[in-house]
There are 2 protein chains.
Amino acid sequence: MSPRSPTPRRRATLASLAAELKVSRTTISNAYNRPDQLSADLRERVLATAKRMGYPGPDPVARSLRTRKAGAVGLVMTEPLNYSFSDPAALDFVAGLAESCEDAGQGLLLVAVGPNRKVSDGAAAVLSAGVDGFVVYSASDDDPYLQVVLQRHLPVVVVDQPQNISGTSRVCIDDRAAMAELARYVVELGHREIGLLTMRLGRDRPHGTGKPVVASAERLETPLFHVQRERLHGVYDAMTEAGLAPQSLTVVESYEHQPTSGGLAAEVALAANPRLTALMCTADVLALSAMDWLRAHGIYVPGQMTVTGFDGVPEALRRGLTTVRQPSLEKGRRAGHLLHSPPRSGLPVLDVLPTELVRGRTSGPPV
Amino acid sequence: MSPRSPTPRRRATLASLAAELKVSRTTISNAYNRPDQLSADLRERVLATAKRMGYPGPDPVARSLRTRKAGAVGLVMTEPLNYSFSDPAALDFVAGLAESCEDAGQGLLLVAVGPNRKVSDGAAAVLSAGVDGFVVYSASDDDPYLQVVLQRHLPVVVVDQPQNISGTSRVCIDDRAAMAELARYVVELGHREIGLLTMRLGRDRPHGTGKPVVASAERLETPLFHVQRERLHGVYDAMTEAGLAPQSLTVVESYEHQPTSGGLAAEVALAANPRLTALMCTADVLALSAMDWLRAHGIYVPGQMTVTGFDGVPEALRRGLTTVRQPSLEKGRRAGHLLHSPPRSGLPVLDVLPTELVRGRTSGPPV
DNA sequence: ATGAAAGCGCTAACAT
DNA sequence: ATGTTAGCGCTTTCAT
């Protein structure tokens, strides 16, 4: 009854198909890759036999080996997943990158690198990723995976980490200038006692606590996370210009990234310096949470407290937060584009995207 | 000065390293894969030479071909990206899957399948994905990519699509029962004139419009998107039980997925039937947007209008929405787990996750 | 502990 | 239009 079992013991390959049809392997290959190289008739027969034998077409891995193309881009994000997937700005970046990959017909491989894994495991994941290039997002300056990525000698685009790395293109914004502009605005409103709520400044957690803490002087000297550092220095710039002592800035660092981090940080900041009249935050998510906390404690914004954010995520704009809007989605698109269509020159590109100060309803003169 | 150029013309391979060191390729391979198979001394020399020659270790693709393991899982999501990345429930699923992959040391490949691409391109992406298995998420019943995935003869886990597909495991919730329970609650509150706001019911857009529209009788007969269909029928179930005519349900379909879709849909529903006292939504994002629209139009919730959602996303819970909480993150984890650690039996598994009715502050008796 | 040989499944020259 | 030949870079028996 069954001249041929529907699920053959051994998986069909191009060679077995060729044998079955008594043609050469090239012909089978052509049937899939160069339809014009063989008669429509033969091609039909090939495809029909393939279907009958359950042959899904050329094996992707073998093809990749031969063509030296994997058809995918690797994304290396060192941040915890719960960060990447809970910060709309980070998410927008991934979405933009995914969109760009989709348009280019490339897959996007999320490389299994995360804070839960040993660095050696993460490194192994980078070394065994079948991709044509990498995007490295928001790494700290001493990111161990960046080095591993570089070893692969594949095209690399680094995002949000302005350090000049030989031969890699970069996409970023001018965090320092953008933050300075925002801080200048706050200072010009008359604020003198300012708090800055930041994400984590270094790989190692500050004390041992999971709660936000006031950043020590030493910690402020060498923030390893570029983005946080630049934004911090942006505030310093504006303060210095206005004759304020940068040391007077109360900096509170949230190591963990929780929905309530901003509120907890606000509490810590106000406890450290009750005279604060403005809370600047290095991310909208921090600012929104801080606003919730302030409201719950009867502190009116902007009447009694000015609050600012950074990123320009939808919820922040909806709630009228004074912030800096950055094109996160576009960042992702550009990074992908740089990988898929590298500049003719072959030279690395530095792509600094514009930002925009958004004067919202959460800032005003101090009381 | 330079006995050996730092960046050799041709990329180093395992073979070139072997030649350089005058040992066999096996030895090099062992240095990376079976450190105990050679003297620590020789291994050191191999690694040192590798570093000198810029050899990043065994080529992942070649290794994959040989070992028949890609070290990655493919995720096929037919929905538009702006959907997947804007609905927290979908996102949680991806996060859960990513987490599971990370724990297993596997990459997660987002396959370039999307509504912007021709189906043939998407199919090609599926056929050329270098993965060890697939997760197919929330496909419509006639999803063309599902067939292509099946062709690959790789392990497959289908999520949110209960149709029995030969040999594939499934992770889902009982959408129909959960929605019926919620609808029963609404009906018991006394509501008789109910509106249901749904996501798209079919692949093809209803009319030609981008706006939400009242779903025609024909359209309601064969909703292709399983999840929407099940939730719709859940409402029918509760209505029938209470002696209400299912046809009296005003169903409004949002084909596009925008942040304001829920509000637009609410407007359409109320225009179609001004006597509605309850708006049930098949997703929290729809319900939240509807609530915003109602508030903007002076319609008090729950005093003048009961609103319910589905999913239990954080914002919904925060805002006290009456909804069904489903474990989206866990869905992702389970799907990953099923792929990484398939049941010993080799038999397909059906994993129905529990849901929970959340009686919030947005539901009450009709006026 | 190290090496030789045999492929994994495919594509790209180069014939014919 | 179809076939022949030669690898892509690696792992894995099986010898030594």
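Below, read A as the first sequence line, B as the second, and so on, with proteins coming before strands; counting in each chain starts at 1.
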Between [X] and [Y], does any side-chain N to carboxylate O distance fall below 4.0 Å?
X      : Y      : answer
A/R117 : B/E102 : no
A/R52  : A/E20  : yes
A/D160 : A/K331 : yes
B/D351 : B/R334 : yes

[X] [atom1] to [N] [atom2]: how many Å, rounded?
X     : N      : atom1 : atom2 : value
A/L21 : D/dG3  : CG    : C1'   : 15 Å
A/L17 : D/dT2  : CG    : P     : 15 Å
A/Q37 : C/dA13 : CD    : C1'   : 13 Å
A/R45 : D/dA1  : CZ    : P     : 16 Å

Just list the side-chain donor-acceptor pairs under 3.5 Å for residues 21-28 of chain A, sequence neighbours left out, or say none.
| from | atom 1 | to | atom 2 | distance (Å) |
| --- | --- | --- | --- | --- |
| A/S24 | OG | A/T26 | N | 3.3 |
| A/S24 | OG | A/T27 | N | 3.3 |
| A/S24 | OG | A/T27 | OG1 | 3.3 |

With B for base contact, S for sugar-phosphate-only contact and - for none (protein heavy atoms under 4.0 Å), nucleotides 8-16 of chain D reads BBBBB----
More than 12 heavy atoms of other residues, nucleotides or ligands under 6.0 Å from NE2 of A/H337: is that the case?
-> no
Counting any heavy atom closer than 4.0 Å, what does B/V23 reach on the DNA or RNA strands: base, sugar-phosphate only, or nothing?
-> sugar-phosphate
